[in-house]
Amino acid sequence: MLDIKLLQNDFESVCAKLRIKKVDENLLEQMRTLSLNLKEKRKELEELQAKQNAKSKLFGVYAKEGKDIKELQEELFGYKQQTNLANAGVKVLEGELEKIASIIPNIPDPDVPAGKDENDNVELKKVLTPPVFDFVPKEHWDLSLDWLDFERGVKLAKSRFTVLKNDGAKLARALINYMLDFNAKRGFREVSVPYLANRETLYGTGQLPKFENDLFKIDGEDLFLIPTAEVPVTNLFRDEILDINDLPLMMTCYSECFRKEAGSAGRDTRGMIRQHQFSKVELVSITTPQQSDAVFESMLTCASDLLTSLGLAHRHLLLCGGDLGFGAAKTIDLEVWFPGQNRYREISSISNTRDFQARRAMIRYRDGKKNRLVHTLNGSSLAVGRTLIAIMENYQKADGSVGIPEVLQPYM
RNA sequence: GGACAGAUGGGUGAGUUGGCUGAAACCACAUCCCUGCUAAGGAUGCGUACUCGUAAGGGUACCGAGGGUUCGAAUCCCUCUCUGUCCGCCA
């Protein structure tokens, strides 16, 4: 959620910043007008209520003293009608404002490059060099290892579901355990959370109300399958006021993630790149505004080092404004090298949402006497499925077998 | 799923013959005083949001959520949600 005061006081600069996120300026203008209007109406209502309250108190006193109440009662009745009317007006405005405010995306950081789409993202650096093969490397679905069973995944559920078998299943489990241990050493505490979340939770992190179509909803319940562990883990502290001394809170969480992938029909239909269900180890941090840049760096480093430790060549990509997600002020994607596809592909995404989610979810910390909004950050440690196939493709040998990265061997 | 019970501030927990209760008391917490240290003791402060004000300090709303009755509701009525206990079922 946008800071409404910022919109009221600094309209032009907010507009300018949201222009690269393709936000309709009329909507912002509407939001500003609405909020100013609401403020005024609210003031009127409160003044009415104050008068009404004062008179109402008199009523009790009069009654006790045996004074005549008739006239006062009529006066109060008049107030009542006025406040009811004013109150109804305020509620309407509140509803309208909420409706708009809830779908306006976050403001990009100043260092986010302008740009339209993924083609305008900026490569910050490359880590490790892609392996050189003396044969033509295969794509993971062509490696005949009997690790991935696409057909039976479809049989059990539908397309974009995959069954892991044998060392494939084992490797996925090894990766999860390895990542959690790796993150723990970097100071991230492990949590395990529900895979179903309610509306408030999904609102808090920004999936609702705008992206309901991307979520699997449980029939007959007001619950959704989580699209990422970011949702429950960040919301752990919804409606709470944290002790400043407990910050930053740094957590890591393994979960399954469920996405409808609406709008990506036809894309990555082969293989395990794009699934309706996938495993991911996530990093989530809750910080003070002062700490958030440093924590962002350490999350990024953590994810990048993890890839390095697995011997996987990757690059850091600073997302441009147009490619930035709804809640993110800044995002750096990690893309890993896929020899079979001969290109880098996203495997991790680290975002700072600043106070955007905090305002929605009302996550605050006490700073002396003041309660302030925290900053929330999230990032994939790594997507497990994509890491698995990255290992398959990068560690493949001429005979079709696949090596296991050294650090994972104790976990197999 | 069946039968009861309950939902009040960081916690415990008063308040349910409607006004003096945004909320007692205790605990926790913060600052200060006292004590050689510790323990104990004393004083003061201590919900959230919005809003007016340089500030001190005001105003409004909130006692699970939403609606209703009333001049006035934490207190009465309705709906919903959640929690607890017992029974059934179950990893």
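Worth knowing before you read on, the calculation uses all heavy atoms, side chains too, and leaves out hydrogens, waters and symmetry mates. Every chain is numbered from 1 and lettered A, B, ... according to where its sequence line falls, protein lines coming before strand lines.
Between A:Lys5 atom NZ and B:U51 atom C1' the separation is 9 Å, expressed in whole Å. Rounded to whole Å, atom P of B:U51 lies 11 Å from atom NZ of A:Lys43. Taking atom CG of residue A:Asn84 and atom C1' of nucleotide B:G67, one finds them 13 Å apart after rounding to whole Å. Following rounding to the nearest Å, A:Lys370 (NZ) and B:G47 (P) show an atom-to-atom distance of 15 Å. Atom-to-atom, CD of A:Glu200 to C1' of B:G64 comes out at 12 Å; the value is rounded to the nearest Å. When rounded to the nearest whole Å, the span between CD1 of A:Ile4 and P of B:A49 equals 16 Å. In this entry the distance linking CG of A:Leu45 with C1' of B:C52 reads 15 Å, nearest Å. When rounded to the nearest whole Å, the span between CD of A:Glu98 and P of B:C50 equals 15 Å.
In this structure, A:Phe211 has its ring center under 6.0 Å from that of A:Phe326. Taking the centre of each ring, A:Phe216 and A:His276 come in below the 6.0 Å mark. Between A:Phe278 and A:Phe258, the gap from one ring centroid to the other reaches at least 6.0 Å.
Of the N and O atoms on the side chains of A:Ser349 and A:Asp333, at least one donor lies less than 3.5 Å from an acceptor on the other residue. Counted by atom type alone, A:Arg238 and A:Asn235 present one or more donor-acceptor pairs between their side chains at under 3.5 Å. Donor-acceptor pairing under 3.5 Å is lacking for the side chains of A:Asn53 and A:Ser56.
Between B:G88 and B:C78, the distance separating the two C1' atoms is 31 Å to the nearest Å. Nucleotides B:U81 and B:U69, compared at atom C1', are 23 Å apart to the nearest Å. B:G67 and B:U51 are spaced 22 Å apart, taking the P atom of each and rounding to whole Å. A gap of 45 Å separates the P atoms of B:U54 and B:A40, to the nearest Å. Distance check on atom P: B:G10 versus B:G47 gives 9 Å, rounded to whole Å. On the P atoms, B:G22 is 11 Å away from B:A73, given to the nearest whole Å. Rounded to a whole angstrom, the distance from the C1' atom of B:A28 to that of B:U83 is 24 Å. The separation of B:U79 from B:A61, taken at their C1' atoms, amounts to 23 Å, rounded to a whole angstrom.
Note on A:Arg199: every side-chain N or O is 4.0 Å or more away from OP1 and OP2 of B:A65. Phosphate proximity of B:G72 to A:Asn53: absent, as no side-chain N or O sits under 4.0 Å from OP1 or OP2. Put simply, A:Arg364 has a side-chain N or O that comes within less than 4.0 Å of OP1 or OP2 on B:A49.
Shown here, B:G66 forms a base pair with B:C78; the pair counts as Watson-Crick or G-U wobble because both key distances fall under 3.5 Å. Using N1 to N3 plus N6-O4 or O6-N4 for Watson-Crick, or N1-O2 and O6-N3 for G-U wobble, each under 3.5 Å, B:U60 pairs with B:A49. Pairing for B:G84 goes to B:C4, judged as Watson-Crick or G-U wobble with the two contacts each under 3.5 Å. Base-pair partner of B:A23: not found among the strands shown (Watson-Crick or G-U wobble, both distances under 3.5 Å). With a cut-off of 3.5 Å on both pairing distances, the Watson-Crick or G-U wobble partner of B:A43 is B:U31. The nucleotide B:G36 finds no pairing partner, because no Watson-Crick or G-U wobble arrangement with both distances shorter than 3.5 Å includes it. Base pairing analysis places B:U54 opposite nothing; no Watson-Crick or G-U wobble pair with both distances below 3.5 Å involves it. Using Watson-Crick or G-U wobble geometry with both donor-acceptor distances under 3.5 Å, B:A73 finds no partner in any strand shown.
Distance alone, capped at 3.5 Å, is enough to place a donor-acceptor pair between the A:Arg386 side chain and the A:Glu346 backbone.
A:Lys55 comes within contact range of no nucleotide atom at all, as no heavy-atom separation falls under 4.0 Å. A:Ile241 comes within 4.0 angstrom of the backbone, heavy atoms only, and of no base.
Of all nucleotides listed (B:G19, B:U51, B:U48), B:G19 comes nearest to the side chain of A:Phe59. Picking from B:C50, B:G72, B:U60 the nucleotide with the shortest atom distance to the side chain of A:Ala50 gives B:U60. For A:Lys39, counting side-chain heavy atoms from C-beta on, the closest listed nucleotide (B:A49, B:G19, B:C52) is B:C52. The side chain of A:Glu46 lies closest to B:U60, out of B:G19, B:U60, B:C52. Nearest to the side-chain atoms of A:Gln49 among the listed nucleotides B:G19, B:U60, B:A49 stands B:U60.
By the 30° and 60° cut-offs, the orientation of the rings of A:Tyr195 relative to A:Tyr254 is perpendicular.
Between A:Phe77 and A:Lys57, it is A:Lys57 whose nearest contact on RNA chain B lies nearer the 5' terminus. Nearer the 5' end of RNA chain B, as judged by each residue's closest nucleotide, is the contact made by A:Lys91, out of A:Lys80 and A:Lys91.
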